[in-house]
Engineer: 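Handing you a structure now.
Values in this document were obtained by computation on a predicted structure and should not be read as measured data. Each chain gets a letter, A, B and so on, in the order the sequences are listed, and its residues count up from 1. These values consider heavy atoms only, across backbone and side chains, with no hydrogens, waters or symmetry-generated copies.
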There are 2 protein chains.
Amino acid sequence: MTLGWEEIRAEVLRRIRARDWPPGALIPGEEALAEEFGVARATVNRALTALAEAGVLERRKRAGTRVAALPVRRARLEIPVIRLDVLGRGLTYDFRLLADREEAAPVPVTARLGLPEGARLRYLETLHLAGGRPFVLETRWLNPAVLPDPAPDFAAVSANEWLVTHVPLVSGDIAFTAEPASSREAEVMGIAPGTALLVAERTTQGTLGPVTLARLAHAPGHRVTMTF
Amino acid sequence: MTLGWEEIRAEVLRRIRARDWPPGALIPGEEALAEEFGVARATVNRALTALAEAGVLERRKRAGTRVAALPVRRARLEIPVIRLDVLGRGLTYDFRLLADREEAAPVPVTARLGLPEGARLRYLETLHLAGGRPFVLETRWLNPAVLPDPAPDFAAVSANEWLVTHVPLVSGDIAFTAEPASSREAEVMGIAPGTALLVAERTTQGTLGPVTLARLAHAPGHRVTMTF
DNA sequence: TTGGCTAATATGTCTAGACATAATGCAAGT
DNA sequence: ACTTGCATTATGTCTAGACATATTAGCCAA
């Protein structure tokens, strides 16, 4: 049986977990491990690089490779398009466009997007339904300057989905908070005002500039789960 | 100027974003790209593998490499130890152990951990303080069976931190929800009952079995942010 | 039409060797 | 004591070539 890089990764991980190589310890160099396992150095390198990307090892040239002392645990969140999220839960998906207008955006919005005060943005309000019941209330500010012409009819295609395929997105961030439902949210989602809602706020940057700021208010009981 | 794999990754990404290679399209094979860029196939492979890991490309043997049609956007959450999180915000950190006892855990707890009903677990309640004010209320069930002997005094070392360095952790998951503050939470954190709280629920598995289930109720206004 | 076999092919991985790069620590000079 | 510079060293990356493996398309037979 010949060893592959994944097996070497597994063995290294086992030694770390078994405390053969305790947190903070310097582990043998690639050359030494390559000889021990009877593989080329590149194979060991592949394995160690993967572990470093996972945050288990810290590697520095000349200084060697050591076991992370306080391993920062990383969880990966996969953010699907809402439609697929709903379908993945075995529910039917539908949505309603509640508002679509262009107006001068409030200062907090322009500030978060890095646009000048008073910029005119497109405002969309979309209610996503799962199994016919309110799932997410999406309120979104779109920067019309970076949208391809012609922009579609967002009553027919959800902005959430259209953007992913039609605007080159570069980077963004997402923040989760818990907030009491506003009276508007309570009314639209059919819940009591003040109910605790999980809110995700997303900003997205494209190649041509800031694209959108979206606030997704999830129905009560919603869980956002990640694995690590 | 000679090209490295990161530059090739950047160029491929540029072509994808420029719609030279639109979503769903098959891109040239490694061999062809290697020739075009004047590098070895392994270098192209390194670049494309990285992009595939990032979710931008989908690769299958024989079928070739194509641009992801609905790119799943992935955000990475780095979960630091609470102390470092607080210090990173420029606040002083402190904590108080409010409860520490062993008792038969409720069924939802044992079920989530995959332990038999009625298992006796150690229950810890810790209030984490940032700048002297309540930051996170942590309620944690610990599986004593997998803890090294002797377990430390959790009034002196936060369980949150001790576990990371003393128990080999393998995998786990984290879920965020928004919940109204219970009367206990309201009392301990000095807020009104029913206030919307961002709650993180974490389960962790170790090499020897399930380790812990922790519920972290964050003070109002708390944001969990990720970048992608 | 259906099912299964086969050959072709693109990616996955490995090797052995080379040079690049960054960080460390020692030595020499101020 | 303090800096500066250099040799050392571990990781980072690349090459050229090879074999492994998964998957598909096409073919053939039932």
Side-chain angles (χ1 to χ4, degrees), chain A residues 1-16 20-72 74, chain B residues 1-16 20-72 74:
Chain A
M1 137 142 192
T2 161
L3 294 178
W5 71 269
E6 291 184 290
E7 281 149 297
I8 293 182
R9 178 182 60 180
E11 171 60 16
V12 170
L13 201 50
R14 192 195 63 72
R15 292 185 187 178
I16 293 170
D20 290 348
W21 295 333
L26 202 60
I27 76 172
E30 298 189 348
E31 199 103 39
L33 290 175
E35 191 177 354
E36 182 197 335
F37 292 124
V39 299
R41 187 170 77 88
T43 306
V44 172
N45 182 281
R46 181 80 166 86
L48 298 187
T49 300
L51 286 171
E53 267 171 24
V56 176
L57 293 176
E58 283 167 7
R59 322 192 70 200
R60 268 164 55 224
K61 293 182 188 183
R62 169 68 226 248
T65 300
R66 47 183 71 247
V67 181
L70 265 189
V72 177
R74 296 197 180 99
Chain B
M1 136 143 190
T2 161
L3 296 178
W5 72 270
E6 290 183 290
E7 282 149 296
I8 292 182
R9 178 181 61 179
E11 171 60 14
V12 169
L13 201 52
R14 192 196 62 72
R15 293 185 187 178
I16 292 169
D20 291 348
W21 296 333
L26 201 61
I27 76 171
E30 298 188 346
E31 198 104 37
L33 290 175
E35 189 176 355
E36 183 198 334
F37 292 124
V39 299
R41 187 170 76 89
T43 307
V44 172
N45 183 282
R46 181 83 166 86
L48 298 188
T49 300
L51 286 171
E53 266 171 24
V56 176
L57 292 176
E58 283 168 8
R59 322 193 70 200
R60 269 163 54 223
K61 295 185 187 181
R62 168 68 225 248
T65 300
R66 48 183 70 246
V67 181
L70 268 189
V72 177
R74 294 197 180 97

Engineer: Would you compute the distance between atom OG1 of B:Thr43 and atom CD of B:Glu6 and round it to the nearest 0.5 angstrom?
Structural biologist: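 B:Thr43 OG1 to B:Glu6 CD: 12.0 Å, rounded to 0.5 Å.
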
Engineer: Want to settle it: does A:Gly64 or B:Gly38 sit nearer the 5' end of DNA chain D, counting the closest nucleotide to each?
Structural biologist: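 Its nearest nucleotide being more 5', the pick is A:Gly64.
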
Engineer: Is any side-chain heavy atom of B:Ile27 closer than 4.5 Å to a side-chain heavy atom of B:Leu48?
Structural biologist: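 Side-chain contact under 4.5 Å: yes.
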
Engineer: In this structure, are over 12 heavy atoms from other groups packed under 6.0 Å from A:Glu36 atom CD?
Structural biologist: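 Atom CD in A:Glu36 is packed in, count exceeds 12.
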
Engineer: What closest approach, in Å, do B:Arg9 and B:Ala50 show between heavy atoms, and which atom pair accounts for it?
Structural biologist: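 Residues B:Arg9 and B:Ala50, closest heavy atoms: CD-CB, 4.2 Å.
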
Engineer: Would a 4.5 Å heavy-atom cut-off, applied to side chains only, mark A:Val44 and A:Glu31 as touching?
Structural biologist: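 Not in contact.
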
Engineer: Rounding to a whole Å, what distance do you find between B:Glu31:CD and C:dA10:C1'?
Structural biologist: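 Checked: the CD to C1' distance equals 9 Å.
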
Engineer: Give the rounded distance in Å between these two atoms: CD of A:Glu6 and P of D:dA20.
Structural biologist: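 Between P of D:dA20 and CD of A:Glu6: 17 Å.
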
Engineer: What is the separation between atom CG on B:Leu57 and atom P on C:dA10, rounded to the nearest whole Å?
Structural biologist: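 Distance, rounded to whole Å: 17 Å.
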
Engineer: With side chains defined as the heavy atoms from C-beta onward, is the minimum distance between B:Asn45 and B:Arg59 less than 4.5 Å?
Structural biologist: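 In short, these two side chains touch, coming nearer than 4.5 Å.
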
Engineer: In the 5'-to-3' direction, what one-character label does each nucleotide of nucleotides 19-25 of chain C receive under the scheme B = base within less than 4.0 Å of a protein heavy atom, S = sugar-phosphate only, - = no such atom?
Structural biologist: --BBBB-

Engineer: Whole angstroms only, please: what is the CG-P distance between A:Leu26 and D:dT9?
Structural biologist: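 These atoms are roughly 15 Å apart.
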
Engineer: Could you tell me how far apart A:Leu33 (CG) and D:dG12 (P) are, to the nearest whole angstrom?
Structural biologist: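 So the CG-P distance, A:Leu33 to D:dG12, works out to 13 Å.
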
Engineer: Counting only side-chain heavy atoms from C-beta out, which of C:dC14, C:dG12, D:dT11 sits nearest to A:Thr65?
Structural biologist: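 The closest nucleotide is D:dT11.
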
Engineer: In whole angstrom, give the distance that lies between atom CZ of B:Arg46 and atom P of C:dC14.
Structural biologist: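 Those two atoms, CZ and P, are 14 Å apart.
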
Engineer: Provide, to the nearest angstrom, the distance between the CD atom belonging to A:Glu35 and the C1' atom belonging to C:dT15.
Structural biologist: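 My rounded result for the distance is 15 Å.
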
Engineer: Do B:Val56 and B:Val12 come close enough that some side-chain heavy atom pair is under 4.5 Å?
Structural biologist: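 B:Val56 does not reach B:Val12 side chain to side chain.
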
Engineer: Which nucleotide wins on minimum distance to the side chain of B:Asn45, given the candidates D:dT15, C:dT13, C:dA16?
Structural biologist: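 Nearest to the side chain of B:Asn45 among the choices is C:dT13.
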
Engineer: Once you round it to whole Å, what is the distance between C1' of C:dA16 and CD of A:Glu30?
Structural biologist: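 These atoms are roughly 15 Å apart.
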
Engineer: Looking at C:dG12, I'd like to know if its phosphate oxygens (OP1 or OP2) sit under 4.0 Å from a side-chain N or O belonging to B:Arg59.
Structural biologist: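 Indeed, a polar side-chain atom of B:Arg59 lies that close.
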
